[in-house]
K.L.:
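Handing you a structure now.
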Amino acid sequence: MTDAKLYLRPLGFLYGDAADAALNSGVALPLAGGPIAFTAVELIEGSASESERQLLAATAVAASRDRDVAALLDRVTAPRPPFAGLLLDRPLIMGIVNVTPDSFSDGGLYDKTDGAVMHAAELAKAGADIVDIGGESTRPGSDAVQEADELARVVPVLEGLSGFNAVISIDTRKARVARAAAEAGAKIFNDVSALTHDKDSLAAAAETGLAVVLMHAKGEPKTMQDDPRYDDVALEVYDYLASRIAAAEAAGIDRARIAADPGLGFGKTLTHNLAILANLSLLHGLGVPLLVGASRKRFIGGVSGGETPETREPGSYAAAIAGAAQGAQLFRVHDVAGTRQALAVWLASAVGKGS
Ligand code: 9MG
């Protein structure tokens, strides 16, 4: 096999007292330094086009003398530092505020500054740790927005949020918008193009000190759902995100400021989205916190019906739980209160007690 790479997919998860007991007796390893333990690993060697896979006990992998395996396992198990000042010791919720006329899920209700500011405040009250303010729709089929229009949409909202009690994230592909947001107090640059769309974005992130969410997308929003193809979607998304993390670090963005996101729905069919969710734990090998954005997306309707975004809320909770069960740390959602409740009930039942 030429150019064979290594990947580790943690499996066999334990929670609560069972995780503590397994960690203390050395039969499991900690997932991303958090409270979840894993007992098994799929060791994958190869590439997206050709790979060999072995299922091993986590302890057997920990005993490996192979330096590459040990380095990768270190990244899978190491504790993650706080992201944008937020501790990652529980699932964090990023609430969505679309400041776009054609917002795909709120029917444009919040396209006015006051409405958007009020909505952000409601999301924070409902328990959002982060609010993500976006002035460009990147849903499938949407057209790009001019920089001046995007600035005019988001800057007044960001200014209206000064003194706000949740971390502010700017959802943009444009360096100037990110710089303006940083000046107005934003702490996170959420870029669905992983800092590739604008040639100044890497520098903007490095210079402003913003934390960054690097998301995988295949193609541009306008055409990305036109027959996307992969040999192995999970490995290709992994490789892409690894290359963008390397580019960000090379530009002077500290790894502690980076989160990675597989980009559900961005150039992916239903099958691709489900494969990503099923293999999500693989992405812990990137060594950074993981963000999952499944909320109200079309693939949820593809699994179980749900013609309109609003009818996909129960499926959105289920997707968040699927991510949390594999140790994802951040969840980008429309319904903050509902997701909080779903995650709290999942966690309480996984560990056998409430917090
Ligand atoms: C802006 N946006 C829309 N969907 C998203 C997703 O899944 N992740 C992130 N980070 N941003 C998204």
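All ligand and atom numbering here is 1-based and tracks the order in the structure.
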K.L.:
Enumerate the atoms of ligand 1 whose separation from the nearest heavy atom of V192 is less than 4.0 angstrom.
P.N.:
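Close to V192: 1 (C), 2 (N), 11 (N), 12 (C).
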
K.L.:
Can you find an N or O of G293 that's nearer than 3.5 Å to an N or O of ligand 1?
P.N.:
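Checking ligand 1 against G293, an N or O pair does fall under 3.5 Å apart.
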
K.L.:
Is the side chain of N98 donor-acceptor paired with the backbone N or O of G134 at a distance under 3.5 Å, no angle test?
P.N.:
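Looks like no, no N/O pair under 3.5 Å.
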
K.L.:
Evaluate N190 for polar contact with ligand 1, using N/O atom pairs at a separation under 3.5 Å.
P.N.:
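It does: an N or O of N190 is found under 3.5 Å from an N or O of ligand 1.
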
K.L.:
Could you give the side-chain donor-acceptor pairs of residues 35-42 under 3.5 Å, partners two or more places apart or in another chain?
P.N.:
unit_1	atom_1	unit_2	atom_2	d
T39	OG1	G12	O	2.9
E42	OE1	R9	NE	2.9
E42	OE1	R9	NH2	3.2

K.L.:
What are the atoms of ligand 1, with element, lying closer than 4.0 Å to any heavy atom of D171?
P.N.:
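By the 4.0 Å cutoff, the relevant atoms are 1 (C).
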
K.L.:
Sequence neighbours left out, cut at 3.5 Å: what donor-acceptor pairs do the side chains of residues 336-350 make with other protein atoms?
P.N.:
unit_1	atom_1	unit_2	atom_2	d
T339	OG1	D335	O	2.6
R340	NH1	G127	O	3.4
S349	OG	V345	O	2.5
S349	OG	W346	O	3.2

K.L.:
Could you tell me whether D261 and ligand 1 have an N or O pair separated by under 3.5 Å?
P.N.:
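Among all N and O atoms of D261, at least one is under 3.5 Å from an N or O of ligand 1.
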
K.L.:
List every atom of ligand 1 that sits less than 4.0 Å from any heavy atom of F266, numbering the atoms from 1 in the order shown and giving each element.
P.N.:
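Taking each heavy atom of F266 in turn, ligand 1 has 3 (C), 4 (N), 5 (C) under 4.0 Å.
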
K.L.:
Measure the acute angle between the ring planes of Y230 and H272, then classify it against the limits of 30° and 60° as parallel, tilted or perpendicular.
P.N.:
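Plane angle over 60°, so perpendicular.
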
K.L.:
Where is the tightest heavy-atom contact between A294 and L264, given as atom of each residue plus distance?
P.N.:
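What the structure gives for the nearest pair is CB-CD1, 3.8 Å.
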
K.L.:
Salt bridge check, E307 against R298: does any charged N sit closer than 4.0 Å to a carboxylate O?
P.N.:
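So R298 does not pair with E307 through a salt bridge.
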
K.L.:
Is a side-chain donor or acceptor of E150 paired with a backbone partner of E136 at a separation under 3.5 angstrom?
P.N.:
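No, E150 side chain to E136 backbone: no donor-acceptor pair under 3.5 Å.
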
K.L.:
Check for me whether K297 has a heavy atom closer than 4.0 Å to any atom of ligand 1.
P.N.:
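In this structure, K297 qualifies as a contact of ligand 1 - some heavy atom is under 4.0 Å.
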
K.L.:
Any nitrogen or oxygen of D132, main chain or side chain, under 3.5 Å from a nitrogen or oxygen of ligand 1?
P.N.:
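No: no nitrogen or oxygen of D132 is under 3.5 Å from one in ligand 1.
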
K.L.:
Pick one of side chain, backbone, both or neither for how V292 approaches ligand 1, counting any non-hydrogen atom pair under 4.0 Å.
P.N.:
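It is neither part, as no heavy atom is under 4.0 Å.
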
K.L.:
List ligand 1 atoms under 4.0 Å from V213, heavy atoms only on the residue side.
P.N.:
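What qualifies from ligand 1 is 10 (N).
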
